[in-house]
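Notes to accompany the following structure.
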Amino acid sequence: MADMWAFRDAVDRWAAGGPGGPASELAVRLRLGTAVLLEGASDLAAVEALATRRRRDLAAEGVCVVSMGGAMSIGRYAGLLGLPGLGLRLTGLCDEGEQRFYDRALTRAGAPGRGFFVCAADLEDELIRALGTEKVEEIIHAEGDLRAWETFLRQPAQRGRPRPQQLRRFLGTKKGRKIRYGRLLVENLAPGRTPAPLDDLFTSL
């Protein structure tokens, strides 16, 4: 796992304009064949949590899971990790509102967009709907965030908003919370309730 973290760091430095040699060397050492491109760290936490639940050792399978730090980075990461760069098979998740942007970027990188699975709003939205709002609020309570949640609900901007939207917004209001709940929401999914985009992603790996 340490080597996989080193590979991710090397890819991030490469994407920021650094040399590609370290990432290339680690890709060979790790025998990588597939890169899962995700928008952010909370998506990464969710995917890793599901891999643990399903007893999948993705690194041993030659699969690297990469957080790009934002959807607008898809072109850069697809170019580095796909056919123009390391030649890895690309797959991942994208939000419905960004699908066209992903399709264009992946086409430029010579990677078919059909390998990416689309979330309606985002992965948190998919997980909240799969769990149900009552279950998500139970998780918030169990994590000791009930007071923060109740304070959040009293904000004027939240009055009258649908509960799923309130929950999504709450998860992003504190640094690190979205990442922590990305893992927790997956860990609390009932059998057979994995959101379709996430389930399809794992089926493709």
With sequence neighbours left out, write down each residue that passes side chain to side chain contact (heavy atoms under 4.5 Å, CB included) with Glu96, or none if nothing qualifies.
Val118
side-chain hydrogen bond (donor to acceptor under 3.5 Å, both in side chains): which pairs involve residues 73-85, sequence neighbours left out?
Asp12-Tyr77
Heavy-atom side-chain contact between Leu80 and Leu86 under 4.5 Å
no
Do Leu189 and Arg53 have side-chain heavy atoms sitting under 4.5 Å apart?
yes
How would you list all residue pairs meeting salt bridge (charged side-chain N to carboxylate O under 4.0 Å, His left out) that involve residues 192-205, not counting sequence neighbours?
Arg54-Asp199
I need the single residue from Leu123, Leu167, Leu171 that forms a side-chain contact (heavy atoms from CB on, under 4.5 Å) with Leu185. Which is it?
Leu171
Name all residues meeting the side chain to side chain contact (heavy atoms under 4.5 Å, CB included) criterion together with Arg154; count only those two or more places apart in sequence or in a different chain, and write none if there are none.
Glu150, Thr151
Cluster overlap Phe101 with Leu90, hydrophobic side-chain contacts below 4.5 Å
yes
Salt-bridge test for Glu48 and Arg8: reply yes if a basic N is under 4.0 Å from a carboxylate O, no otherwise.
yes
Restricting to pairs with a member in residues 13-48, which pass ring pair (Phe, Tyr, Trp, His ring centres under 6.0 Å), not counting sequence neighbours?
none
Any link between Val36 and Leu83 through a network of hydrophobic side chains (Ile, Leu, Val, Met, Phe, Trp, Tyr) touching at under 4.5 Å?
no
Please report the interatomic distance CE(Met72) to OH(Tyr102), rounded to the nearest 0.5 Å.
7.5 Å
Would you say Arg108's side chain and Gly75's backbone share a donor-acceptor pair under 3.5 angstrom?
no
The criterion is side chain to side chain contact (heavy atoms under 4.5 Å, CB included); which residues satisfy it with Arg89, sequence neighbours excluded?
Thr34, Thr91, Leu205
Heavy-atom nearest pair, Pro164 first then Ile128, reads O-CD1, 4.1 Å
Heavy-atom closest pair, residues Phe7 and Leu81:
CZ-CD2, 4.1 Å
Partners meeting salt bridge (charged side-chain N to carboxylate O under 4.0 Å, His left out) with Asp122 (sequence neighbours left out)
Arg168
Spatial distance of atom NZ (Lys135) from atom CG (Leu127) [nearest 0.5 Å]
13.5 Å
Are the side chains of Ile74 and Met68 in touch, meaning some heavy atoms are under 4.5 Å apart?
yes
Contacts under 3.5 angstrom, residues 59-67 side chains, donor-acceptor by atom type, not counting sequence neighbours:
from  : atom 1 : to    : atom 2 : distance (Å)
Glu61 : OE1    : Arg56 : NE     : 3.3
Glu61 : OE1    : Arg56 : NH2    : 2.8
Glu61 : OE2    : Arg56 : NE     : 2.9
Ser67 : OG     : Ala41 : N      : 3.3

Once you round to the nearest 0.5 Å, how far does CG of Asp57 lie from OG1 of Thr52?
9.5 Å
OG1 on Thr203 to CG on Leu198, rounded to 0.5 Å
9.5 Å
Counting only pairs under 3.5 Å, give me each side-chain donor-acceptor contact of residues 19-32, with atom names and distances, residues two or more places apart or in other chains.
none

Using the side chain to side chain contact (heavy atoms under 4.5 Å, CB included) criterion, which residues pair with Arg169? Sequence neighbours excluded.
Phe152, Gln158, Arg161, Thr173
Could you pull out all residues at least two apart from Glu126 that satisfy salt bridge (charged side-chain N to carboxylate O under 4.0 Å, His left out)?
Arg129
Is Phe202 close to Val47 at the side-chain level, that is, under 4.5 Å between some pair of heavy atoms?
yes
May I have the list of side-chain donor-acceptor pairs in residues 139-149 shorter than 3.5 Å, sequence neighbours left out?
from   : atom 1 : to     : atom 2 : distance (Å)
Glu143 : OE1    : Arg180 : NH1    : 3.0
Asp145 : OD2    : Arg180 : NH2    : 2.9
Asp145 : OD2    : Tyr181 : OH     : 2.7
Trp149 : NE1    : Glu137 : OE1    : 3.1

